[in-house]
Amino acid sequence: MGVKEIFETMDYGPAPEAAGDALAWITDQGARFGHFIDGGFTKPGETFETTNPANGEVLAEITQGTEDDVATAVAAARKAQAAWEKLGGPGRARHLYAITRLLQKHSRLFAVLESLDNGKPIRESRDIDIPTAQRHFYYHAGCAQLMEETVPGRVAHGVCGQVVPWNFPLLMLAWKVAPALAMGNTVVLKPAEWTSLTALLFADICRQAGLPKGVVNIVTGDGATGAALVASEVDKVAFTGSTEVGRKIRQATAGSGKALTLELGGKSPYIVFEDADLDSAVEGLVDAIWFNGGQVCCAGSRLLVQEGVAERFHAKLTARMDKLRLGDPLDKSIDVGAIVHPEQLARITSLVEGAEGSVYRAACPVPEGCFYPPTLISDLSPASPLMQEEIFGPVLVSTTFRTPSEAVELANNTRYGLAASVWSENINVALDIAPKLVAGVVWVNGTNMFDASAPFGGMRESGFGREGGPEGLLAYTKPAGKPKAKKRIAPFAGAEAEPQPVDRTAKLFIGGKQARPDGGYAQVVYDAKGRVLGQAPIANRKDVRNAVEAARAAKGWSGATAHNRAQVLYYLGENLSARASELAARLDAMTGSKTGAKEVETAITRLFEAAAWADKFAGEARAVPMRGLAMALREPVGVLGALCPDEAPLLGLVSLMAPALAMGNRLVLVASEPFPLIAQEVTQLLETSDVPAGAVNLLTGPHADLAKTLADHADLDALWSFSGADLSGEIERRAAGNLKRTLVDQGRERDWFGPEGGARAFHDAATEVKSVWVPYGA
Ligand code: NAI
């Protein structure tokens with residue numbers, strides 16, 4: 001072809017990356033892999049094949065991990081953990097740095113191996129996956145170095161069990177292994193069955209880097225191996241994958257005391273306003289959905305275009321789709337690689353088959369085999385399954401909107417909340433929309449930007465916990481000190497007595513009003529000497545529903561400025577202080593102890609503390625390696641339920657209420673079970689302190705029943721329990737329904753008078769972190 005013709009067609013030929021080194025590495029290992037346990041590879045057991053999805057060729061045999069394999073790996077990790085932690089942050093930093101250097105040295109090998117095994121374009125593995133994984137190890141080498149300064153008073157969990165999916169095999173490994181090691185944990189990681197090779201190469205790197213034996217263990221296998229790891233003697237489980245499996249893991253770990261983070265599915269909105277740079281937005285979609293065949297959990301797979309430009313945008317988009325190049329993932333000029341596995345191809349095909357709406361398949365040539373054509377489906381109703389379900393393929397669904405508020409409403413019409421993209425040249429519009437989107441990450445005029453310093457993770461059914469940044473470190477640490485088992489407080493005298501019809505004094509507090517309990521019953525409460533103190537209403541399911549509804553309606557509180565919220569909290573403190581001696585006497589009568597005065601005094605401190613923090617825990621900018629700004633913002637979790645502790649009935653309730661309110665949550669609180677009359681005192685306090693109706697709702701009644709109703713409630717975003725009853729397991733198991741966030745004490749004692757009861761101790765659980773990325777350039 002002459003130069004003239006080349007200029008005319010602008011065609012370019014293939015530019016394949018050589019696979020020789022990667023294939024040679026596989027052959028050198030015998031093309032049959034065992035696990036990596038205690039610093040060495042085990043003999044292969046029963047194996048399955050891992051294939052190159054682009055051509056169906058078998059790459060290697062991988063061992064199916066058994067329960068025994070998992071137990072051996074966990075035991076190796078356990079044996080290594082104490083010495084690894086004792087090495088100290090700076091010592092661990094050196095190891096992490098050594099690993100990073102080797103990851104850099106072997107960048108090309110990792111990139112080629114990843115593309116061979118997963119089918120993603122080499123441009124993606126070379127330019128995104130591998131460099132981002134390296135950056136993760138660098139960043140976390142720093143986190144290890146600075147551990148004492150940045151996470152004071154916290155220590156490693158111990159052994160972490162980690163399960164990752166197939167879409168970013170090495171990158172997900174890095175996201176999990178680097179922070180765990182930095183904080184002094186040891187790990188057992190299970191890669192996805194379709195993509196284990198880069199994890200095994202990583203194991204080889206750990207050996208070369210001289211990492212102590214047992215610190216990193218890799219056990220391969222399918223979901224059954226994953227389930228065995230979750231059930232094993234690990235202290236923390238970290239999982240990335242489907243929401244369905246995430247839910248199972250929530251149930252499997254309920255009540256075990258294992259710490260848990262879940263990064264799950266998504267159906268992320270990609271919102272294009274009419275003043276957007278449409279060509280950039282089209283190009284962004286190439287990154288968001290076509291690249292990697294749409295097999296990205298945070299893929300912008302739901303396109304929302306403003307009506308005025310919809311036609312023009314779709315025309316540009318389909319023209320671009322027609323020009324996409326599908327083919328050999330190792331070809332550097334390929335845009336869309338292979339689908340990871342024929343099973344996944346079948347899943348995508350069946351989801352799209354029979355789709356309503358209008359389906360546009362790109363006119364670009366599609367190679368034979370495990371490839372799927374880039375597809376755009378428009379004119380779907382918001383409730384259509386394709387608008388709601390994760391497809392995990394190069395399939396974009398599209399709809400239009402008229403106004404910014406309609407865009408927000410459509411964007412949030414999903415059970416997920418992982419990521420979102422907003423395209424507008426008007427910074428005011430973009431930054432007005434970003435906080436309104438229910439998503440853990442929002443990209444302004446961009447998509448799929450990741451960095452170790454910017455937390456990543458979901459809201460709603462996209463999971464909980466964050467990876468990256470200081471927030472990610474919290475997930476791999478716990479407070480220092482040995483927890484003591486909680487002492488059960490005897491229920492008040494007469495608690496076993498039959499409930500009585502409710503009298504006129506016993507009221508719940510719902511939506512700013514005192515309300516008769518729906519069931520019409522109350523419990524008579526006696527003091528320590530057996531004298532009647534009053535009646536406490538028994539709330540039922542309907543009362544819980546009403547309270548949650550009232551809290552949902554009180555949106556204004558979450559939207560109020562932190563400055564305003566602080567004023568309300570100071571006022572609560574002031575009003576509590578005005579009633580201090582009266583309340584102290586009442587507490588002493590209820591509990592039969594002499595700690596009332598100290599309790600009231602500390603509760604006042606808690607309110608002032610929370611007020612002080614209200615406008616000082618807003619998040620911060622993060623130093624991401626790009627021209628732009630990435631902000632990790634703190635937002636309220638939403639509607640939060642809490643079962644207050646039996647002990648310290650006033651202080652316990654105030655210690656939970658104050659920080660949760662300060663951070664902008666609306667609350668449904670269940671007062672202490674043995675000392676429920678405290679609710680009446682707090683009701684009076686709330687009524688006189690400018691707390692808006694519905695922001696705090698107060699219930700009383702048996703904790704075990706109310707905990708179930710609250711944990712099952714789909715409109716409750718979080719549930720905390722410090723109840724004396726052993727409710728942690730029940731709450732965690734039931735919370736799997738809508739994957740609500742839980743904070744439970746697992747039967748451990750908490751000192752409400754000390755720092756553990758302080759406002760700062762609850763800020764992380766009372767907020768969600770949202771990373772907002774704003775790239776710039778004139
Ligand atoms: P999956 O959730 O089944 O697999 C992810 C990982 O979990 C794999 O390593 C798997 O072996 C393991 N696993 C499976 N069952 C397990 C169990 N009971 N206990 C512990 N570990 C278990 O996801 P899969 O089947 O690969 O893909 C299904 C769908 O999930 C995809 O079509 C996609 O919609 C979604 N997905 C979402 C991902 C994300 O990053 N959010 C990643 C992968 C898949």
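Just follow the structure's listing: the first ligand is 1, and inside any ligand the first atom is 1.
The Asp222 neighbourhood of ligand 1 comprises atoms 11 (O), with distances under 4.0 Å to a heavy atom of that residue. For ligand 1, the atoms lying closer than 4.0 Å to a non-hydrogen atom of Asn167 are 40 (O), 42 (C). Set against the non-hydrogen atoms of Ala192, the atoms of ligand 1 under 4.0 Å away are 9 (O). The Phe239 neighbourhood of ligand 1 comprises atoms 2 (O), 6 (C), 7 (O), with distances under 4.0 Å to a heavy atom of that residue. Residue contact check: Gly226 has heavy atoms under 4.0 Å from atoms 19 (N), 20 (C), 21 (N) of ligand 1. Heavy-atom contacts of Trp166 reach the following atoms of ligand 1: 24 (P), 26 (O), 27 (O) (cutoff under 4.0 Å). Close approach of ligand 1 to Val163 is summarised as follows: ligand atoms under 4.0 Å from at least one heavy atom of the residue are 6 (C), 7 (O), 9 (O), 12 (C), 21 (N). Atoms of ligand 1 lying under 4.0 Å from any heavy atom of Gly265, numbered from 1 in the order shown and given with element: 41 (N).
Side-chain atoms of Asp117 and Thr198 include no donor-acceptor pair closer than 3.5 Å. Side chain to side chain, Arg347 and Gln344 meet the donor-acceptor criterion of an N or O pair below 3.5 Å. Between the side chains of Asp69 and Thr66, at least one donor-acceptor pair of N or O atoms lies under 3.5 Å.
The nearest heavy-atom contact from the protein to atom 38 (C) of ligand 1 is Phe392 CZ, 3.4 Å. Nearest to atom 13 (N) of ligand 1 among the protein's heavy atoms is Gly223 CA, 3.6 Å. Atom 39 (C) of ligand 1 has its closest protein heavy atom at Cys297 CB, 3.1 Å. Given atom 16 (C) of ligand 1, the protein heavy atom at minimum distance is Val245 CG1, 3.4 Å.
Polar contact check, Val164 against ligand 1: a nitrogen or oxygen pair lies under 3.5 Å apart. Ligand 1 has an N or O atom lying under 3.5 Å from an N or O atom of Glu390, backbone or side chain. On a distance-only criterion, Ser242 and ligand 1 share at least one N/O pair closer than 3.5 Å.
Both the sub-6.0 Å distance and the 45° axial angle are satisfied by Lys120 relative to the ring of Phe168.
When the options Ala252, Pro165, Gly246 are ranked by their closest heavy atom to atom 43 (C) of ligand 1, first place goes to Pro165. Of the candidates Leu418, Leu351, Leu264, the one placing a heavy atom closest to atom 41 (N) of ligand 1 is Leu264. With atom 29 (C) of ligand 1 as the reference point, the heavy atom nearest to it among Glu193, Arg347, Glu389, Lys190 is part of Arg347.
Close placement of the Trp25 and Phe33 rings is indicated, their centers lying within 6.0 Å of each other.
The distance from the OG1 atom of Thr195 to the CG atom of Leu200 is 10.5 Å, given to the nearest 0.5 Å.
Residue contact check for ligand 1: Phe168 places no non-hydrogen atom closer than 4.0 Å to it. Within the structure, the closest approach of Gln344 to ligand 1 falls below 4.0 Å when heavy atoms are considered.
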Trace of the ring pair (Phe, Tyr, Trp, His ring centres under 6.0 Å) decision for Phe456 with Trp443: CA-CA 12 Å; Phe456 183 89; Trp443 295 295; 7.1 Å; no

Candidate pair Ile271 and Leu437, rule side chain to side chain contact (heavy atoms under 4.5 Å, CB included), full reasoning: CA-CA 11 Å; Ile271 310 169; Leu437 297 172; 3.9 Å; yes

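When each of Arg622, Arg466, Lys770 is tested with Glu471 by the rule salt bridge (charged side-chain N to carboxylate O under 4.0 Å, His left out), just one qualifies, namely Arg622.
Between Arg415 and Glu389 there is a salt bridge, with a side-chain nitrogen of the basic residue lying less than 4.0 Å from a carboxylate oxygen of the acidic one.
Of the protein's heavy atoms, none falls inside 4.0 Å of atom 4 (O) of ligand 1.
Among all heavy-atom pairs drawn from Ile731 and Ala711, the shortest one is O-CB, 4.1 Å.
In this structure the side chain of Thr243 reaches within 4.5 angstrom of the side chain of Tyr416, judged on heavy atoms.
The aromatic rings of Phe450 and Trp175 sit perpendicular, their planes meeting at an angle over 60°, well past the 30° parallel limit.
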